[in-house]
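Before any comments, here is the structure.
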Amino acid sequence: AEKTPSISCLGVLLQLRQQFPEVSWSVSFEQGPLEVWQPAAPANVVQETVVNPVEALEDAVRRFLQSGPTGQAGTAPVALLGTDPRVRELWKQVCGTGVRPSGKNVAGKKREWQDKLKYFLGHRPGAFEICEAGASVKLVEKPSQRIA
């Protein structure tokens, strides 16, 4: 290149390096400094781990059910799931409406989040089962999880 790069150009180069750490390249500029800079080794690049909120919510519900909050491990009322802070936080990310306030003063919204959470869990038959007329959720045991 004929000119020293702009800040935005350097930003793009940095993003490319972070996105593709295994790719090696060199760039030179005619009016740049005479010293040579070597790129950092790929091992020095920190990759940010992106966690899917749906998977994280499934895991949080699974852990909550395994803890046996009702004295019966693997089963709990759907309403009780909303008492777990991790489930509540992840539910806000997964569901557009989150956990809305409920009670006598909120007409028709008392159990809206519970119904949506039941729907969400009901569509994961490999992990959860809705039972007792939709009042509780049960953790489905996978064959590898069974203790003989």
Side-chain angles (χ1 to χ4, degrees), residues 1 4-29 36-148:
T4 303
S6 65
I7 295 294
S8 62
C9 180
L10 292 175
V12 168
L13 292 174
L14 179 63
Q15 288 175 353
L16 285 171
R17 187 171 119 202
Q18 289 176 341
Q19 184 69 29
F20 304 103
E22 66 281 353
V23 175
S24 176
W25 59 36
S26 64
V27 179
S28 63
F29 302 93
V36 177
W37 292 8
Q38 295 297 325
N44 294 341
V45 177
V46 177
Q47 292 290 334
E48 184 178 316
T49 304
V50 178
V51 177
N52 182 334
V54 171
E55 292 173 7
L57 177 60
E58 284 184 31
D59 185 57
V61 170
R62 186 176 294 106
R63 288 173 187 248
F64 182 78
L65 293 173
Q66 288 171 341
S67 72
T70 60
Q72 185 179 6
T75 304
V78 175
L80 195 57
L81 290 173
T83 63
D84 182 74
R86 181 80 175 136
V87 171
R88 288 179 69 92
E89 185 59 36
L90 289 165
W91 183 244
K92 289 177 188 176
Q93 294 176 24
V94 171
C95 179
T97 57
V99 182
R100 289 184 177 170
S102 62
K104 295 177 182 177
N105 297 333
V106 184
K109 302 291 182 186
K110 186 173 183 179
R111 290 190 302 256
E112 179 184 19
W113 73 269
Q114 292 176 21
D115 293 336
K116 288 181 178 182
L117 185 58
K118 280 191 289 190
Y119 181 83
F120 172 84
L121 297 173
H123 281 79
R124 277 137 187 90
F128 307 105
E129 178 183 327
I130 304 297
C131 48
E132 297 176 25
S136 64
V137 62
K138 179 180 178 183
L139 186 61
V140 173
E141 238 181 88
K142 295 179 183 175
S144 62
Q145 294 176 332
R146 291 186 185 145
I147 300 172

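Side-chain atoms of Arg62 and Gln66, non-hydrogen and from C-beta on, do get closer than 4.5 Å to each other. Using a 4.5 Å heavy-atom cutoff, the side chains of Thr75 and Leu65 are not in contact. Proximity of Asp115 to Lys118: side-chain heavy atoms (C-beta onward) are separated by under 4.5 Å at one or more points.
The heavy-atom pair separating Leu80 from Phe64 by the smallest distance is O-CZ, 3.5 Å. Nearest heavy atoms, Val140 versus Pro125: CG2-O, 3.7 Å.
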Trace of the side-chain contact (heavy atoms from CB on, under 4.5 Å) decision for Val137 with Leu81: CA-CA 9 Å; Val137 62; Leu81 290 173; 3.6 Å; yes

Set out, in order, the CA-CA distance, both residues' side-chain angles and the distance that settles side-chain contact (heavy atoms from CB on, under 4.5 Å) for Trp91 and Lys116, then state yes or no. CA-CA 10 Å; Trp91 183 244; Lys116 288 181 178 182; 3.6 Å; yes

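Rounded to the nearest 0.5 angstrom, Asp84 CG and Ser67 OG are separated by 7.5 Å. Leu90 contributes atom CG, which lies 5.5 Å from atom CD of Gln93 (distance to the nearest 0.5 angstrom). With rounding to the nearest 0.5 angstrom, the CD atom of Glu58 is 5.5 Å from the CZ atom of Phe128. Going from atom CZ of Arg124 over to atom CG of Leu57 covers 8.0 Å, rounded to the nearest 0.5 Å.
At least one donor-acceptor pair closer than 3.5 Å links the side chain of Arg88 to the backbone N or O of Gly82.
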